[in-house]
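Structure record follows, encoded as structure tokens.
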Amino acid sequence: MPAYILRRFLLLFFVLFGVVTLVFFLIHMIPGDPVDIMLGDHAALADKQILRHNLGLDQPLYKQYFNYLGGIIQFDLGISIHSKKPILKEIFERFPASAELMAGAMIIALMIAFPLGIISALRPYGLLDGTSMLVSFLGVAIPNFWLGPLLILLFSIQLDLLPVNERGTLAHLILPSITLGTAMAAMLSRMIRASLLEVLGEDYVKNARAKGLHERKVILKHALRNALIPVITIIGLQVGVLLSGAIITEAIFDWPGLGTLLLDGIYSRNYPLVQGCILFIAFIYVMVNLITDIAYVWADPRVRML
Amino acid sequence: MFKNKLVYIGWVIVILFGLGALLAPWISPYDPYELRLSEQLIPPSSKHLLGQDANGSDIFSRLLYGARISLTVGLLVVFLSGTIGITIGLISGYYGGVIDTGLMRVVDILLAFPGLLLAIALVAVLGPSVFNVMIALTVLGWVSFTRLVRGQVLSIKERDYILAAKTSGQSDFRIMFVHILPNVLSPVIVQATFSVAGVIIAESSLSFLGLGVSPGTPSWGAMLSEGKQVLLDAPHVSIFPGLAIMLVVLAFNFIGDGLRDRFDPKTEKS
């Protein structure tokens with residue numbers, strides 16, 4: 001186990017280094033003078049010189065790269081062009097909103113996926129199972145930038161039940177969470193069904209039934225717990241889907257999170273900010289994957305032995 | 001039985017949209033770019049089946065042309081990323097060693113970007129256009145093919161018939177493409193079918209965010225983005241492009257699911 005975790009951490013550092021390098025050179029590949037792009041053609045020469053110097057763009061590329069690496073080690077992602085604030089500070093101002101949205105989506109997804117998955121597995125090929133299969137096909141196929149507007153039309157405009165746009169009360173969180181969580185619910189319910197079906201055929205489940213345990217106890221305690229192990233990995237992987245889905249969902253609902261920060265950065269050509277946001281999101285994702293891997297090893301004693 | 005029906009429904013939808021895309025110049029009732037500013041946001045009528053958008057353009061005609069973009073991008077990107085991904089996966093799995101480790105580290109780095117993030121970054125750098133969207137989605141897409149093929153190759157290359165081919169003096173190239181490739185193809189075809197659905201959603205997502213096609217182009221994602229601006233006054237502008245995306249994605253997923261059951265009878269039981 002310690003050797004595994006050590007290996008995992010070494011890989012983590014390599015991947016993070018690769019991500020930083022890739023994003024840095026990607027952003028610096030942008031054709032044209034970034035200063036011209038950012039300030040426009042009509043900016044005063046002196047202003048351009050100042051910005052160029054502040055961004056370190058008057059130095060050779062390899063020096064800029066090492067400066068950037070050095071900055072990252074000290075948690076410095078540079079200065080945002082328009083607001084003149086440190087980029088990491090801007091990211092941390094926006095991150096809670098994104099985290100809130102993702103947590104909401106995750107809760108919605110789990111609330112839908114578990115009942116749906118369990119019911120489908122208990123009566124496979126029944127009417128409910130068929131319905132839940134169709135629902136999950138739909139859940140995956142509905143693009144969230146369509147689901148969002150549809151939900152707004154129904155719940156905010158027609159029924160006037162829920163507020164729309166921007167962040168605030170819990171009620172503001174409901175529609176964006178459903179929008180973001182639906183695809184995950186669909187995917188997850190099928191995984192729970194498949195995993196539970198597999199476990200239900202195992203000998204220890206038969207044994208639990210044979211010794212006369214209540215069926216509910218058999219399902220919840222003996223079967224579901226074991227069925228959850230592969231589901232953990234899927235939930236971890238799905239966080240990545242949430243992270244990128246959040247960018248679109250935030251755009252639909254004008255949600256003041258990381259996604260809209262990134263998009264605003266792209267639209268206003270604030271490239272240091274774009275670079276920072278991409279790195280930060282990738283970093284979160286890599287960390288979640290690491291935690292998922294470790295949780296998986298921890299949850300399954302059979303893997304722990306290796 | 002039930003699933004078989006879904007596969008047929010999938011094919012019917014794909015063929016219908018494919019025909020619509022192919023025949024768009026002949027069957028679309030109006031020019032999709034035509035501006036009729038006096039007829040803005042008019043709901044569906046007998047003259048305009050699905051209504052008119054903010055420019056007064058005919059939504060049905062724009063949907064037909066949008067199908068061209070979605071299907072072309074979907075199929076082309078999957079073909080390109082599949083070809084690249086399969087080749088790299090074969091090389092990585094077959095040779096192993098340093099080549100494999102190196103290639104897998106590249107894969108690890110690309111997988112550190114969740115979902116669309118890398119595509120968003122690439123399009124932000126390259127600039128919005130259909131061509132750049134295809135580049136970005138290909139860069140994103142080959143990885144899953146590589147991982148799939150590499151895993152298969154690792155188990156197949158130990159089999160006796162590969163050893164036989166080696167001892168009979170066949171070239172590595174021949175062994176990879178003639179002896180191994182046909183045996184890994186069925187999961188790849190399944191993956192490719194699902195990928196078409198994924199790429200179509202990805203293209204519309206980028207276009208929705210304003211990072212895809214250039215403004216005014218009738219892409220389903222861009223139409224939804226325009227629809228969002230007028231959601232209150234003209235919901236019909238948003239409804240139909242979204243429905244089109246959902247149907248096509250659903251269809252490819254039905255087909256992929258059917259193919260998976262067919263190639264791997266084990267999954268049908270679970």
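Labels below follow one simple rule: chain letters A, B, ... track the order of the sequence lines, proteins then strands, and each chain is numbered from 1. Scope of the values below: all heavy atoms of this structure, side chains included, with no hydrogens, waters or symmetry mates. Please read these numbers as outputs of a predicted model, since none were measured by experiment.
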Taking atom CZ as the centre, does A/Arg94 end up with more than 12 heavy-atom neighbours from other residues, nucleotides or ligands that are less than 6.0 angstrom away?
yes
Using heavy-atom distances under 4.5 Å, tell me whether B/Leu247 contacts chain A through its side chain, its backbone, both, or neither.
neither
Do B/Leu209 and A/Tyr267 have side chains that approach each other closer than 4.5 Å (heavy atoms only, starting at C-beta)?
yes
Hey, does A/Leu11 have a side-chain heavy atom less than 4.5 Å from the side chain of B/Arg105?
yes
Heavy-atom side-chain contact between B/Val249 and A/Ile142 under 4.5 Å:
no
Does any backbone or side-chain atom of B/Phe254 lie under 4.5 Å from a heavy atom of chain A? Answer side chain, backbone, both or neither.
both
To the nearest 0.5 Å, atom CZ of A/Phe145 lies from atom OG of B/Ser238 at 11.5 Å
Contact class of B/Ala112 relative to chain A, heavy atoms under 4.5 angstrom
both
For the residue pair B/Pro114 and A/Gly240, what are the closest heavy atoms and their distance?
CB-O, 3.3 Å
Exam field: side chain A/Trp146 to backbone B/Met246, donor-acceptor pair closer than 3.5 Å:
no
Which portion of B/Ser225 sits near chain A, non-hydrogen atoms under 4.5 angstrom
neither
Distance, nearest 0.5 Å, that separates CD1 of A/Ile252 from CG of B/Leu224
9.0 Å
Minimum side-chain heavy-atom gap B/Leu117-A/Leu243 below 4.5 Å:
no
What part of B/Ile200 is in contact with chain A, defined as an atom under 4.5 angstrom from a non-hydrogen atom: side chain, backbone, both or neither?
neither
Between CG of B/Asp257 and CZ of A/Arg190, what distance do you get to the nearest 0.5 Å?
8.5 Å
Given the side-chain rings of B/Phe113 and A/Tyr285, with only the six-membered ring counted for Trp, is the space between their centroids under 6.0 Å?
no
Checked B/Ile239, B/Ile120, B/Asp108, B/Ile245 vs chain A; the most non-hydrogen pairs under 4.5 Å come from B/Ile239
For chain B, find which of A/Leu150, A/Val286, A/Ile278 contributes the most heavy-atom pairs closer than 4.5 angstrom.
A/Ile278
State whether the number of non-hydrogen atoms from other residues, nucleotides or ligands found under 6.0 Å of A/Phe25 atom CZ is greater than 12.
yes
Quick check for you: among B/Ala197, B/Ser204, B/Gly227, B/Gly127, which has the greatest number of heavy-atom pairs under 4.5 Å with chain A?
B/Ser204
Please indicate whether A/Phe283 has more than 12 foreign heavy atoms, meaning atoms of other residues, nucleotides or ligands, lying under 6.0 Å from its CZ.
no
Is A/Leu26 close to chain B through its backbone or its side chain, or both, or neither, when contacts mean heavy atoms under 4.5 Å?
both
Using non-hydrogen atoms and a 4.5 Å limit, figure out which bit of A/Leu16 sits close to chain B: side chain, backbone, both or neither.
neither
Contact class of A/Val140 relative to chain B, heavy atoms under 4.5 angstrom
both
Counting heavy-atom pairs under 4.5 Å to chain A, which of B/Leu211, B/Leu231, B/Asn253, B/Ile201 comes out on top?
B/Leu231
Are A/Asn289 and B/Leu111 packed together at the side-chain level, in the sense that at least one heavy-atom pair is separated by less than 4.5 angstrom?
no
Could you walk me through whether A/Val274 and B/Val125 pass the side-chain contact (heavy atoms from CB on, under 4.5 Å) test, one step at a time?
CA-CA 10 Å; A/Val274 172; B/Val125 170; over 6 Å; no
Non-hydrogen side-chain atoms of B/Leu116 and A/Ile248 separated by less than 4.5 Å
yes
Non-hydrogen side-chain atoms of B/Lys228 and A/Ile152 separated by less than 4.5 Å:
no
